[in-house]
Protein chains: 2
Amino acid sequence: MLKEAEKTFSDFLEKKDLKLTSQRRTILRVAFEAEGHFSAEALLSLSKKADSTISKATVYRTLALLKESQILEEQDFGDGKKVYERAQGRKHHDHLICIRCGKIIEFENEPIERLQNAEAQKHRFKIVYHSLKLFGFCNSCG
Amino acid sequence: MLKEAEKTFSDFLEKKDLKLTSQRRTILRVAFEAEGHFSAEALLSLSKKADSTISKATVYRTLALLKESQILEEQDFGDGKKVYERAQGRKHHDHLICIRCGKIIEFENEPIERLQNAEAQKHRFKIVYHSLKLFGFCNSCG
DNA sequence: CTCTCAATTGAGACTAATTCTCAACTAGAG
DNA sequence: CTCTAGTTGAGAATTAGTCTCAATTGAGAG
């Protein structure tokens, strides 16, 4: 999983004449060890544990590259900060977000995707990516 | 349309023991004269034309009230600032967003809504509101 | 109409996430 | 090993949005 991502990342960087630095390697590894959704701030703090000299600026810059290379996906659950999750090698999914406890539930729904594509076609629109978020109360917060 | 919203707003304010001030009246009217989606910044600038003493703080505070009373709906198209659109008396709709020219296309799709509800039910989740955004290239930017 | 007082306001300070600047540093081609 | 373009850390800058507080005002009571 991580190996694959490292390959994707180094190919991506090479194609853009960018360098694979130790900081970028560390940040990628730490992002892969993080479970679920994590913020830039959390990634910074985790990265600093592996290499205390890594700065905020580098984390943000590297996140932008990981996003662009589609290794990570950016999500905005509406709490004022963006979070990230692994995308490479995972199926696309959307989210249910509990507005009371903050729980995030992931789901896949092919029929919805098909209807989205049909809707886009109707407007002669080419979808590049999409975002479907259902906000409400989870099971426990009912 | 505006008359209706003014009624909704004054009822809403009364119920919460809040006052219908001239600033709130002005901001509501200006928001209704604005077409489509507008930012808080744009609303401030338009409101200042009607009453130059209206401040940023009042616009943000009033937007929160208009959102809470469901006269306006808040949208985030991912460019770092929230935008608002009229909600009262309009059908729910979702958006196609062109990532090249920024054009916004609205659409209604009942079948998608039904599938969303079914998906939520599967997780015993109560949807309060949702957001579906399809990003890509419009007809002209294809 | 006037009084009263809680709600409201404007101005600008403040917050927080993210981006930028720039001099010092480094990956990696040759 | 040497170059050099790309990279980095530190902290300043930016920017949307929120907060503070003294002065003001809407609107019910009299």
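Since the structure is predicted, the reported quantities are computational estimates derived from the model, not experimental observations. Naming convention: chains lettered A, B, ... in sequence-line order (proteins, then strands); numbering from 1 in each chain.
- Residues forming a side chain to side chain donor-acceptor pair (under 3.5 Å) with B/K48 (at least two apart in sequence, or on another chain): none.
- Remark: A/K81 engages A/E41 in a salt bridge (Lys or Arg N to Asp or Glu O under 4.0 Å) (not counting sequence neighbours).
- Counting heavy atoms of neighbouring residues, nucleotides and ligands inside a 6.0 Å radius, atom CD of A/E35 does not exceed 12 of them.
- Scored by the ring pair (Phe, Tyr, Trp, His ring centres under 6.0 Å) test, A/H92 finds A/H130 as partners (sequence neighbours excluded).
- The stretch residues 67-75 of chain B has no heavy atom under 4.0 Å from DNA chain D, so no residue of it qualifies as close.
- For A/E74, the salt bridge (Lys or Arg N to Asp or Glu O under 4.0 Å) test picks out A/K67, with sequence neighbours left out.
- For the helix from C/dC1-D/dG30 to C/dG30-D/dC1, the rotation axes defined at the first and last 5 base pairs enclose an angle of 30°, given to the nearest 10°.
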Using distance only, find each side-chain donor-acceptor pair of residues 100-107 of chain A under 3.5 Å and give its atom names and separation, not counting sequence neighbours.
residue	atom	partner	partner atom	Å
A/E106	OE1	A/R90	NH2	3.0
A/E106	OE2	A/H93	NE2	3.4

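- Counting only heavy atoms from C-beta outward, the side chains of B/D94 and A/E119 never approach each other to under 4.5 Å.
- Note that OG of A/S140 and CZ of B/R124 are 9.0 Å apart. Values are rounded to the nearest 0.5 Å.
- Distance B/I54 CD1 to D/dT24 P: 18 Å, rounded to the nearest Å.
- B/S131 OG to A/L134 CG: the interatomic distance, rounded to the nearest 0.5 Å, is 9.0 Å.
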Using the 3.5 Å cut-off, write out each protein N or O paired with an N or O of nucleotides 18-20 of chain C and the distance between them.
residue	atom	partner	partner atom	Å
C/dT18	OP1	A/K82	N	3.2
C/dT18	OP2	A/Y60	OH	2.8
C/dT18	O4	A/K56	NZ	3.4

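- Hydrophobic cluster of B/I71: the remaining members, joined at side-chain heavy-atom separations below 4.5 Å, are B/M1, B/L2, B/F9, B/F12, B/L13, B/L18, B/L20, B/I27, B/L28, B/V30, B/F32, B/F38, B/L43, B/L44, B/L46, B/I54, B/V59, B/L63, B/L65, B/L66, B/L72, B/Y84, listed by chain and number.
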Review item, nucleotides 27-30 of chain C N/O atoms under 3.5 Å of protein N/O:
residue	atom	partner	partner atom	Å
C/dA27	N3	A/K19	NZ	2.9
C/dG28	OP1	A/L20	N	3.4

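- Checked against side chain to side chain donor-acceptor pair (under 3.5 Å), B/E108 has no partners two or more places apart in sequence or in another chain.
- Here B/D11 pairs with B/K7 under the side-chain contact (heavy atoms from CB on, under 4.5 Å) rule; sequence neighbours left out.
- In this structure, B/L43 atom CG and D/dG17 atom P are separated by 12 Å, rounded to whole Å.
- Remark: C1' of D/dT8 and CG of A/L13 are 15 Å apart, rounded to the nearest angstrom.
- To the nearest angstrom, P of D/dA27 lies 10 Å from CZ of B/R24.
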* Apply the test side chain to side chain contact (heavy atoms under 4.5 Å, CB included) to residues B/R114 and B/E110: give CA-CA distance (whole Å), side-chain angles for both, the deciding distance (0.1 Å), then the verdict. => CA-CA 6 Å; B/R114 276 197 293 273; B/E110 268 298 330; 3.7 Å; yes

